[in-house]
Amino acid sequence: MKKLQYERPVIQKLNTGLTNKFGTRTESDPVTHIDDLAVEKLIAQFGSPLFVLSEQTIRSAFRDASRAFKNRYPKVQFAWSYKTNYISAVCNVFHQEGSWAEVVSGFEYEKALANGVPGNKIIFNGPDKSENDLKQAITNDSLIHIDHMDELYMLKDIAAAANKKPRVAIRVNMDTGIFPAWDRFGFNYENGEAMEAVSKICNDTQLSLVGLHCHIGTFMMSTSAYGIAAKKLSEFALNIRKKFNRNIEYIDMGGGFASKNTLKGSFLPGTDASPTFDQYAEAICESLLNAGFTQENLPLLILETGRALVDEAGYLLGSVISNKRLSDGRRATIMDFGVNILFTSFWYDHKISPAQSFGSHHEDTVLYGPLCMNIDMLRENIPFPPLKKNDKVVVHTVGAYNMTQWMQFISMRPAVVMIGTDGKVNLIRRRETIQSIQHEEEMPLYLKNFKL
Ligand SMILES: *Cc1c(COP(=O)(O)O)cnc(C)c1O
């Protein structure tokens, strides 16, 4: 006969149907399926932990965003922010929806090219573009967004040597009323640096200034900051027209729209607190439309939204390794995924659902990952039903920044699958293996052998 599981008894206040100011928490309703596929089956097929992406959710988020802007403004173009999630299958969903690529390194640039994005539809951002990166971007007629003066000078030299006239924009940072201001990237608007960069470009025939770019922050809860930024860039574009008789073809408002995640310390869940695409679009488009451009000179509006388009489409499935009592009596549950693959747990309280039904009792629980490191805490305190070894959980809203910022640390990174709009599941990144990790290592001959 199988022995019954024993857990040492402690006296703890149990809560049923925990409520907050808005009623009963629905946080821990079981989530047994993702897009109609059973969590149990996905884990049986691909292992635990497992990242799952919903193609349907990505496409509908994209269409919502696109509709919000195109309903308000006649010329809109999205460019997929590679660093948010550069798994190629994910990028290609966005490219199929019509997005260009937005990259911030030579590596991401290569990835976009390899995915088949035409060079002239790649926006090259970031402070660290090497000489070779710039040469390649010039050859491919990509849009180069200049971050600092040294890059501007280097670009002029390379363009002169290649006898080309690359299309460039400058990244502009400015006071949008938020604190702390993001002023480390690009040229400052208020102190005149941005205009200085523009005159260096326009008083010279080597570079062609076609756009203005900003990316004012990330997970921005304030839509009015976007309104201010769009207003300032529009004024700037009109000034450039007056001063240098140069038409600014596009204004790129960057990314930074908040996803539906819940920031740590936020009282309201992100689903209630984060602005909608319509609210962001209203703030930006109103500024652009009222800035004083003539109809034929209305700039193209480019958006580099990342997290808000992909966060909700991502899930992390995992399993319980064990439970224990901490010295103060608190319940601790150890999961098979840690902060090394769920990087965003450092700043979000992700919604986490058990993947099977359970009773009505909840207990405040500390969620740990499997790493043999004290920092590996997924959640300091979550009201959770008592799960057993091998029970499954679903972590929600993990599609942004986890599959790029994850670390191969102590254990290998899990597989990533995408559930297609046809309801079928496709492997889009294999689970790492000892071979794939060792592949990059070299052993000097004299270290090959030892005796113990
Ligand atoms: C990171 C980044 C984005 C995307 O930001 P999200 O917060 O994911 O929307 C867009 N543009 C630039 C320049 C970036 O660095």
Side-chain angles (χ1 to χ4, degrees), residues 53 58 61-62 64-66 68-69 76-87 90-91 94 99-109 111-112 121-129 133 137 142-148 151 168-174 176 178 182-187 211-223 225-226 229-230 233 250-261 263 270 274-277 279-281 283-284 301-314 343-344 346-348 397-405:
L53 286 149
I58 298 179
F62 182 87
D64 280 351
S66 181
F69 282 89
V76 179
Q77 177 63 51
F78 281 80
W80 175 240
S81 155
Y82 265 49
K83 77 168 185 292
T84 308
N85 188 323
Y86 46 57
I87 294 196
V90 173
C91 298
F94 286 104
S99 276
W100 296 354
E102 184 274 324
V103 303
V104 292
S105 69
F107 157 71
E108 290 187 0
Y109 189 94
K111 225 167 183 300
K121 306 258 160 91
I122 301 178
I123 294 173
F124 201 166
N125 282 317
D128 178 26
K129 308 180 192 82
D133 294 338
S142 301
L143 293 162
I144 302 169
H145 288 185
I146 302 171
D147 185 79
H148 47 75
E151 185 182 335
V168 303
I170 60 163
R171 176 156 175 181
V172 181
N173 69 64
M174 66 203 104
T176 58
I178 59 150
W182 268 36
D183 55 4
R184 66 171 273 195
F185 300 109
F187 302 91
L212 294 174
H213 173 230
C214 70
H215 172 62
I216 59 174
T218 198
F219 213 96
M220 299 280 298
M221 301 295 275
S222 152
T223 55
Y226 283 97
L233 283 193
Y250 68 86
I251 285 182
D252 180 343
M253 291 300 298
F257 300 161
S259 72
K260 300 282 182 251
N261 244 316
L263 285 174
S274 298
T276 61
F277 287 126
Q279 289 170 310
Y280 288 115
I284 290 172
L301 167 60
I302 297 182
L303 297 151
E304 306 171 342
T305 310
R307 67 178 75 235
L309 293 178
V310 80
D311 221 5
E312 280 93 274
F343 203 81
T344 56
F346 286 122
W347 57 85
Y348 297 138
T397 326
V398 303
Y401 294 101
N402 286 301
M403 284 154 257
T404 47
Q405 293 195 85

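Whatever order the structure lists them in is the order used to number ligands and atoms, beginning at 1.
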[atom]: nearest protein contact (heavy atom, Å):
atom                    : value
atom 12 (C) of ligand 1 : E304 OE1, 3.5 Å
atom 4 (C) of ligand 1  : S81 OG, 3.3 Å
atom 7 (O) of ligand 1  : T218 OG1, 2.6 Å
atom 14 (C) of ligand 1 : K83 NZ, 2.7 Å

Looking at ligand 1, would [X] count as a contact under a 4.0 Å heavy-atom criterion?
X    : value
H145 : no
A308 : no
Y401 : yes

So do [Y] and [X] actually touch side chain to side chain, heavy atoms under 4.5 Å?
X    : Y    : answer
N125 : H213 : yes
M403 : L53  : yes
L309 : W80  : yes

Between the main-chain N or O of G399 and the side-chain N or O of D311, is there a donor-acceptor pair closer than 3.5 Å? yes
Report yes or no: is the cationic atom of K83 (NZ for Lys, CZ for Arg) under 6.0 Å from the centre of the six-membered ring of Y401, at an angle within 45° of the ring normal? no
May I ask you to check if ligand 1 and G254 share an N or O to N or O distance below 3.5 Å? no
For ligand 1, which is the ligand I care about here, please tell me if G306 has any N or O atom under 3.5 Å from one of the ligand's N or O atoms. yes
Test F257 against every option in F219, F78, Y226 by the ring pair (Phe, Tyr, Trp, His ring centres under 6.0 Å) rule and name the one that passes.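 Considering F219, F78, Y226, a ring pair (Phe, Tyr, Trp, His ring centres under 6.0 Å) with F257 is found only for Y226.
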Between H145 and F187, is the gap from one ring center to the other below 6.0 Å?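 Not under 6.0 Å, so no.
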Atom indices of ligand 1, in the order listed, that fall short of 4.0 Å to a heavy atom of R171: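 Going through ligand 1 atom by atom, the ones under 4.0 Å from R171 are 13 (C).
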